[in-house]
Amino acid sequence: MRVARSIIGSYPKNPKLAKIQSKYLLGKVDKERYEKELKTWTSKVFSLAKEINAEYTTDGLLRWDDVVDVTFSFLRGASKGPLIRFYDNNFYYRKPIIESKISKDDEKLLEAMSFSRQVKHETGCSSKLKATFLGPFSYYKLSEDKHYKSPESLMENYANVVAEVIDDLKGVADAVEIHEPSIFEKKIKGELVTKLPEIYSPISSTKMEKHLISYFEMNHLERITDFLSIKADYHGIDLSENLTKVAKIYPHLNGVRLIAGVLNTRNTKMEKVSSINKVVNNLAKHGAKEVILSNSSLMDFIPEIIAIKKIKLLDKVGDKN
């Protein structure tokens, strides 16, 4: 079984960068000054990926407030609403208020990813660069819809827009990761989940490599079949938040190309390399086709120094231990 490493999602934003970013948005700092600071901190993400020999990495999403905020960089039709708690975590996001039919407007995203690709090159990082998207289902759950007549209509339209943007990213990004933290959430209608493979069809049909990522507790473990039925090159599962359920998860992973979330990025407790190796061995025993080890979810919840220590653990796992 092949084992690789990846950094997924966001990286903790340094307060110094956040301050400069705030001044830039208020027009108190020019673009050149802002991007100089952004480059400094984005380089740190790529240097970390380089150090652990990560096969894939994001740019840390440092330009945006969170994974929901990224959506405003590639579509029109939604405005930023009130601050809402991001699931059961200690940070908040701006809820998208969908006021009209959403459509592609990805100039800001393309500019941002081109910037990150250049920084990655200058850093000497050979990892494949991933663009990050919120998935159709989670976008529906985290938004307030004032336009569409049904959740399906919203999700289908959003999926078509994302597919168009993915096509535009050819030559800028090497892969995309699509975040779907809502799939295993409580109080979700099961019939909507079963429709996701069809809703994802436009995204699945794109030629870019796709990583479908879920995280947080799997409250409806029976939905793992629907999740794995969505066509993607890799499927990401948060094993760190579901330690009491792994015995029931493993049997579903035979033949799966898996992104294994083995680093819990919602607390500061350090994982043991021996425990991660045990997970890798169990995945091999249960027939996982390939495994990419990664942080389990976004890293907005922990200090940067802890994030670095956790990510560096991946370099000690498996054949490097």
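Quick caveat: nothing in here was measured; it's all calculated off a predicted structure.
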Enquirer: Quick check for you: to the nearest 0.5 Å, what is the distance between Phe86 atom CZ and Phe91 atom CZ?
Expert: 5.0 Å
Enquirer: Applying the side-chain contact (heavy atoms from CB on, under 4.5 Å) criterion to Leu263, which one of Met299, Glu271, Lys309, Met270 satisfies it?
Expert: Glu271
Enquirer: How many angstroms lie between atom CD1 of Ile292 and atom CZ of Arg2, to the nearest 0.5 angstrom?
Expert: 6.0 Å
Enquirer: Check whether any side-chain heavy atom of Ile249 sits under 4.5 Å from a side-chain heavy atom of Ile224, and report yes or no.
Expert: yes
Enquirer: Which residues pass the salt bridge (Lys or Arg N to Asp or Glu O under 4.0 Å) test with Lys80, not counting sequence neighbours?
Expert: Asp69
Enquirer: Does a donor on one side chain sit under 3.5 Å from an acceptor on the other, for Thr194 and Asp226?
Expert: no
Enquirer: Does Glu241 form a salt bridge (Lys or Arg N to Asp or Glu O under 4.0 Å) with Arg266? I'd like the steps, not just the answer.
Expert: CA-CA 9 Å; Glu241 284 278 358; Arg266 290 213 287 174; 3.0 Å; yes
Enquirer: Will you find, in the side chains of Tyr140 and Asp145, an N or O donor that is under 3.5 Å from an N or O acceptor?
Expert: no
Enquirer: Can you confirm whether Asp59 sits close enough to Tyr11 that some side-chain heavy atom of one is under 4.5 Å from a side-chain heavy atom of the other?
Expert: no
Enquirer: Just so I know, are the side chains of Pro136 and Asn157 near enough to count as touching, which here means a heavy-atom distance under 4.5 Å?
Expert: no
Enquirer: Is it true that the NZ or CZ of Arg257 lies under 6.0 Å from the centre of Tyr234's six-membered ring and within 45 degrees of the ring axis?
Expert: yes
Enquirer: Verify the ring-centre separation between Tyr87 and Phe216: is it less than 6.0 angstrom?
Expert: yes
Enquirer: Looking at the rings of Phe133 and Phe74, which for Trp means the six-membered one, are their centres under 6.0 Å apart?
Expert: yes
Enquirer: Using distance alone, with no hydrogens and no angle criterion, decide if Asn242 and Thr244 have a side-chain donor and acceptor under 3.5 Å apart.
Expert: no
Enquirer: When you measure from the centre of the six-membered ring of Phe115, is the NZ or CZ of Arg63 under 6.0 Å away and within 45° of the axis?
Expert: yes
Enquirer: Got more than 12 heavy atoms from elsewhere within 6.0 Å of NZ, Lys245?
Expert: yes
Enquirer: Side-chain heavy atoms under 4.5 angstrom apart, residues restricted to Ile, Leu, Val, Met, Phe, Trp, Tyr: same cluster for Val29 and Leu25?
Expert: yes
Enquirer: Heavy-atom count check: over 12 atoms from other residues, nucleotides or ligands less than 6.0 Å from Glu191 CD?
Expert: yes
Enquirer: Would you check if there is a donor-acceptor pair between the side chains of Ser150 and Ser153 at a distance under 3.5 Å?
Expert: yes
